[in-house]
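Numbers restart at 1 for each chain; the letters A, B, ... are given by sequence-line order, proteins then strands.
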There are 2 protein chains.
Amino acid sequence: MRRKIEIKLINDKSKRYTTFTKRRKGLMKKAEEFCQISDSKAVFISFSGAGNCYCLGHPDVDTVLDCYLGGSSSTKEEEAPTEAERRIGDAVESGRWKEAVRGLGLDKLDQLHAELENITRRVSLAAESVNR
Amino acid sequence: MRRKIEIKLINDKSKRYTTFTKRRKGLMKKAEEFCQISDSKAVFISFSGAGNCYCLGHPDVDTVLDCYLGGSSSTKEEEAPTEAERRIGDAVESGRWKEAVRGLGLDKLDQLHAELENITRRVSLAAESVNR
DNA sequence: ATGGCTATTTATAACTC
DNA sequence: TGAGTTATAAATAGCCA
């Protein structure tokens with residue numbers, strides 16, 4: 001069935017798009033795992049032939065691009081939250097995030113589940129290391 | 001020999017670095033193949049813990065970054081999510097929610113910790129009850 | 001297009017030197 | 001450390017519903 005293929009441009013348009021989609025999904029999954037497992041700053045951005053943009057970044061796209069482009073904002077501290085940070089912070093404080101979670105699909109929930117276990121562990125560790 | 005592993009931060013530093021190197025190589029190989037086979041504009045950039053930068057781009061890094069930075073509003077997902085889904089989905093994908101969490105006080109963290117255990121349990125239960 | 005389904009290929013975790 | 005080895009897990013090319 002499956003055969004080894006040569007890595008060169010696929011000429012057939014529909015086959016190329018199918019492969020683009022399948023491989024992009026695999027690549028982004030691997031990139032996410034890579035970030036979670038090694039805590040590396042990383043970014044992946046891809047444009048389809050139709051011009052659609054697919055991207056992911058850890059801790060986020062802009063932070064990694066800042067590092068790459070030489071920006072000084074590479075070291076994020078607790079000062080000056082971005083719009084996104086403020087938004088999430090508000091959501092956490094108000095409890096509205098619970099509403100949002102209800103709307104997520106299974107794949108997003110899986111992803112969130114994994115992240116939650118990570119952050120739960122991290123929060124526990126951080127809490128233990130604090131004098132109180 | 002090889003066993004299935006859970007995707008979470010590897011705590012052991014040397015093991016983490018080994019995995020970082022191996023997975024980064026695999027990822028970059030796949031990214032190159034992806035670009036060659038589908039002629040997608042794509043870029044991958046990663047920073048090691050030591051700050052070393054590894055990157056690749058097709059047709060080249062700067063071209064893709066120009067598309068991303070100057071380009072139109074990026075469609076991160078192909079579906080049409082609700083505002084809530086988009087907000088949380090974006091936060092999960094980018095990892096920015098982790099930044100927001102860092103700004104919370106101890107009492108808020110305690111509260112969040114409890115909520116996380118709840119939602120984690122709920123997600124597990126929901127996942128188990130779904131046919132897949 | 002979209003989403004499975006294998007038969008294979010490919011990536012890689014654990015191990016060794 | 002870094003560079004192989006190998007047994008296993010994961011990705012995916014070609015099909016088809």
Please give, in whole Å, the distance from [N] [atom2] to [X] [atom1]?
| X | N | atom1 | atom2 | result |
| --- | --- | --- | --- | --- |
| B/Lys15 | D/dT1 | NZ | C1' | 17 Å |
| A/Lys29 | D/dT12 | NZ | P | 10 Å |
| B/Glu33 | C/dA11 | CD | C1' | 11 Å |
| B/Phe34 | D/dA13 | CZ | P | 12 Å |
| A/Lys25 | C/dA1 | NZ | C1' | 11 Å |
| B/Met1 | C/dC15 | CE | C1' | 7 Å |
| A/Ile7 | C/dT9 | CD1 | C1' | 11 Å |
| B/Asp12 | C/dC15 | CG | P | 13 Å |

### Message
Check this for me: does the side-chain of B/Arg3 come within 3.5 Å of the base of D/dT8 through a donor and an acceptor?
### Response
no

### Task
Determine whether any donor atom in the side chain of A/Lys22 lies under 3.5 Å from an acceptor atom in the base of C/dG3, or the reverse, and answer yes or no.
no

### Message
Would a single hydrophobic cluster contain both B/Leu69 and A/Val64, if residues Ile, Leu, Val, Met, Phe, Trp and Tyr are joined by side-chain heavy-atom contacts under 4.5 Å?
### Response
yes

### Verify same cluster id: A/Ile45, B/Ile37 (apolar side-chain graph, 4.5 Å)
no

### Polar side chain donor-acceptor pair, B/Thr19 to A/Ser38, under 3.5 angstrom
no

### Ring centers of A/Phe20, B/Phe34 separated by less than 6.0 Å
yes

#### Entry: Backbone of B/Phe47 reached by a side-chain donor or acceptor of A/Ser40 within 3.5 Å
yes

### Query
Any side-chain N or O of B/Lys30 under 4.0 Å from OP1/OP2 of D/dA11?
no

## Note on the structure
The residue, A/Arg2 or B/Leu27, whose nearest nucleotide of DNA chain C is more 5′ is A/Arg2

#### Entry: Residue met sooner reading DNA chain C from 5', once B/Thr18 and A/Ile5 are mapped to nucleotides
A/Ile5

## Note on the structure
Closest of D/dG14, D/dA13, C/dA1 to the A/Tyr17 side chain is C/dA1

